[in-house]
Amino acid sequence: MMTFAEKYRKAMMAERRYRDAPRKGWADPKGRKSADNQTIEVRRKEAVDLAVMLGSALYNSQVWLREKIVLVNYIDQLANGAPDMMTCETCHNRYRSVWMDGACPYCAASAGAREQVQSMLEETAP
């Protein structure tokens, strides 16, 4: 399994390779005209944009994951030791019962995120 750094480096290398690739045609005019000598046939900007989006998605997912870990740790410290502390039976995270009228904020956030992603997917469906 590749680490984040390896995936990110691979995406950036793909961006550079596609950005600097020769135009449509043959990579080496003096070489054999075979499939392994043929250059890419997609638009350069399209391939570069795809590699940039991949690298950005990898970076953003790591930032989001670290941010969530820090936030969960912070909320756990706020709730820890409080007399009204509760532990969610579903996600096993700790929170205070006065928050969100006793509902688990983690489960509520997860359900809200799933609904938003589902609505985005339904909007883009043909």
Side-chain angles (χ1 to χ4, degrees):
M1 185 172 180
M2 288 196 306
T3 63
F4 162 70
E6 290 169 343
K7 288 180 185 176
Y8 187 74
R9 192 171 22 259
K10 193 173 181 179
M12 292 299 103
M13 285 173 47
E15 176 198 353
R16 277 186 238 108
R17 186 179 76 216
Y18 289 130
R19 185 186 59 222
D20 300 336
R23 293 281 182 201
K24 180 180 174 182
W26 303 101
D28 184 12
K30 296 178 184 175
R32 294 183 349 206
K33 294 196 173 189
S34 62
D36 60 341
N37 191 24
Q38 201 168 9
T39 60
I40 58 171
E41 303 241 350
V42 295
R43 290 191 177 112
R44 182 186 310 245
K45 184 173 179 356
E46 182 181 342
V48 169
D49 289 346
L50 184 63
V52 168
M53 284 179 4
L54 174 65
S56 298
L58 288 167
Y59 180 82
N60 291 338
S61 68
Q62 282 296 312
V63 170
W64 175 83
L65 180 65
R66 306 236 181 245
E67 184 178 332
K68 181 173 168 82
I69 290 170
V70 169
L71 183 62
V72 167
N73 187 28
Y74 179 70
I75 289 178
D76 188 47
Q77 287 177 6
L78 286 177
N80 197 11
D84 59 349
M85 181 186 81
M86 296 178 69
T87 302
C88 179
E89 295 176 3
T90 308
C91 65
H92 306 291
N93 285 313
R94 291 186 287 207
Y95 62 96
R96 293 186 63 187
S97 61
V98 294
W99 297 340
M100 297 181 61
D101 298 325
C104 176
Y106 300 100
C107 293
S110 180
R114 269 194 228 96
E115 288 174 9
Q116 287 180 354
V117 170
Q118 192 61 35
S119 68
M120 289 181 348
L121 289 174
E122 289 170 359
E123 287 175 6
T124 60

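Numbering starts at 1 and runs along the sequence shown. No hydrogens, no waters, no symmetry mates; every other heavy atom, side chains included, goes into these values.
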Handout entry: Flag side-chain contact, heavy atom, 4.5 Å: Cys91 against Cys104
Key = yes
Problem - Cluster overlap Tyr59 with Trp64, hydrophobic side-chain contacts below 4.5 Å - result: no
Exercise for the section: Say whether Leu58 and Met13 are linked into one hydrophobic cluster, either directly or through other cluster members, by side-chain heavy-atom distances under 4.5 angstrom. Expected result: no
Problem - Where at least one partner belongs to residues 103-114, residue pairs that pass salt bridge (charged side-chain N to carboxylate O under 4.0 Å, His left out), sequence neighbours excluded - result: none
Practice task
Would you please test Cys107 and Cys88 for side chain to side chain contact (heavy atoms under 4.5 Å, CB included) and show each step?
Solution key: CA-CA 9 Å; Cys107 293; Cys88 179; 3.6 Å; yes
Handout entry: Over 12 foreign heavy atoms within 6.0 Å of CE, Met85
Key =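 More than 12 heavy atoms, drawn from other residues, nucleotides or ligands, come within 6.0 Å of this atom.
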Problem - Pairs meeting criterion side-chain hydrogen bond (donor to acceptor under 3.5 Å, both in side chains) with involvement of residues 88-98, two or more places apart - result: Asp76-Arg94, Asp84-Arg96
Ignoring hydrogens and angles, write down the donor-acceptor pairs under 3.5 Å from the side chains of residues 67-75, residues two or more places apart or on other chains.
none

